[in-house]
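In what follows, a structure is listed as structure tokens, so that the remarks can point back to it.
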Amino acid sequence: MSNDAATIDSEDVNENLRIIYIRGRLDIQGTDAIGTKFTVLSATDKHRVVVDLSDVDFLASIGIRSLVTNAKAQQQRGGRMVLFVGENAPVAKVLKTTGIDTVLPMFADAAAAREAALA
Amino acid sequence: MTATTDDAVAELSIRADATEVSRASAWLEKTGLEHGVPAEQISHLDQCLNEALANIITHGGPAARSSPIRLSLYVHCDAGSGQAAVTVSDSGIAFNPLAYRQKPGPQTLAETEPGGLGIVMMHGYADDIRYRYGEGRNHLTFRVLWIQGG
């Protein structure tokens, strides 16, 4: 269990796809720390986003709230957001426990995540 | 196991502030491991603890900040099984999360409400949740169980 603060950055893979990397703890403090930047990075005109949660140490419901809010905004702009969790079993379990994986696609494979985002 | 202050193996007082949540998580991890709670069960308790603290900080009102939040850890192990519980006691607005009616899960992203998942999370990670209001405080206890060597 790590207590690292949350960080966020991004990579534009091509003209259609952006990867957003989130690391650290998405608890009430961490989610607040990255919230504004996450919204700005999500509001891309590229319209397709993969959010990489593979290095997230802890995901609380307030972190899920941020994911859902930005995914809905992206969808309303005609885009799509998917989640990449890799081998991060605790985060995958949180998403399954809350049922969010049924409305926000979640992938363990990076290539599959990118393919789904661009589909 | 009776959740009273008499048999808590560890206690911590924190302020009702977001900056205190990671300190509470670190305390739970350290004291849980010291008392033989498996890492997986500590992580389940931590999920519940974070949701409980977020509720207090967000919805507890000024009364929640008038006195510290008290955390108590209880652990009981025998030859075949173990159990651990955390009680969170706060002076905020009375709120019984067990009275909260869970909505059916959303079917589409468009109909998904961003909030309300904290209670779902607690029910998903705790084997037992109890609530009482007394002495002007909420007392929320969540418990996890495990099989020794399992």
Side-chain angles (χ1 to χ4, degrees), chain A residues 1-6 24-35 38-39 49 51 56-83 88-106 116, chain B residues 14-33 37-60 97 102-126:
Chain A
M1 196 182 304
S2 166
N3 289 313
D4 289 345
R25 284 180 66 87
L26 282 186
D27 57 9
I28 189 169
Q29 188 178 20
T31 302
D32 185 54
I34 67 158
F38 187 24
T39 299
V49 173
V51 180
V56 166
D57 300 314
F58 184 88
L59 178 59
S61 68
I62 193 162
I64 296 176
R65 174 194 291 252
S66 181
L67 291 170
V68 168
T69 299
N70 285 304
K72 289 181 75 166
Q74 185 73 351
Q75 186 178 61
Q76 285 163 3
R77 287 190 293 268
R80 178 180 299 129
M81 178 185 287
V82 305
L83 307 178
N88 195 334
V91 163
K93 181 172 180 175
V94 167
L95 294 166
K96 287 178 183 172
T97 298
T98 53
I100 290 302
D101 63 320
T102 63
V103 296
L104 199 47
M106 174 182 86
Chain B
I14 62 171
R15 290 175 288 111
D17 186 286
T19 60
E20 292 276 76
V21 176
S22 60
R23 185 163 78 92
S25 286
W27 166 82
L28 176 60
E29 180 182 24
K30 180 174 182 292
T31 55
L33 288 173
V37 183
E40 182 179 0
Q41 276 66 38
I42 292 175
S43 75
H44 290 186
L45 288 172
D46 194 28
Q47 289 286 163
C48 296
L49 176 60
N50 266 263
E51 300 306 332
L53 294 178
N55 271 339
I56 295 166
I57 292 165
T58 308
H59 304 297
Q102 291 188 57
K103 300 174 194 167
Q107 301 301 309
T108 67
L109 180 60
E111 68 185 26
T112 302
E113 297 290 339
L117 292 174
I119 306 299
V120 176
M121 195 93 88
M122 282 196 228
H123 283 290
Y125 280 91

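We name chains A, B, ... by the order of the sequence lines, and we start the count at 1 in each one.
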query: Roughly how far, to the nearest 0.5 Å, is CD1 of A:I28 from CD of B:E20?
result: 12.5 Å
- prompt: B:E51 side chain to A:S61 main-chain N or O, any donor-acceptor pair under 3.5 Å?
  reply: yes
- prompt: Atom NE2 of B:H44 and atom NZ of A:K93: how far apart are they, to the nearest 0.5 Å?
  reply: 3.0 Å
field: Which portion of B:Q107 sits near chain A, non-hydrogen atoms under 4.5 angstrom
entry: backbone
- request: Heavy atoms only: give me the nearest B:S25-A:R25 pair and the separation to one decimal.
  value: OG-NH2, 3.1 Å
- prompt: Is there a side-chain contact between A:I100 and B:T112, using heavy atoms and a 4.5 Å cut-off?
  reply: yes
message: Do A:V94 and B:Q47 make a side-chain contact, defined as non-hydrogen atoms from C-beta onward lying under 4.5 Å apart?
response: yes
Top of A:A60, A:G99, A:G30 for chain B proximity - count of heavy-atom pairs under 4.5 angstrom: A:A60
statement: Contacts of A:K96 meeting salt bridge (Lys or Arg N to Asp or Glu O under 4.0 Å) (sequence neighbours excluded), chain-then-number -> none
statement: Here the pair of heavy atoms bringing B:V120 nearest to A:T97 is CG1-O, 3.9 Å
query: If you round to the nearest 0.5 Å, how far is CG of B:D17 from CD of A:Q29?
result: 8.0 Å
statement: Whatever's closer than 4.5 Å to a heavy atom in chain A on B:L53 counts as neither
- request: Could you pull out all residues at least two apart from A:K72 that satisfy side-chain contact (heavy atoms from CB on, under 4.5 Å)?
  value: A:V68, B:L109
A:L59 versus chain B, the contacting section by heavy-atom distance below 4.5 Å: backbone
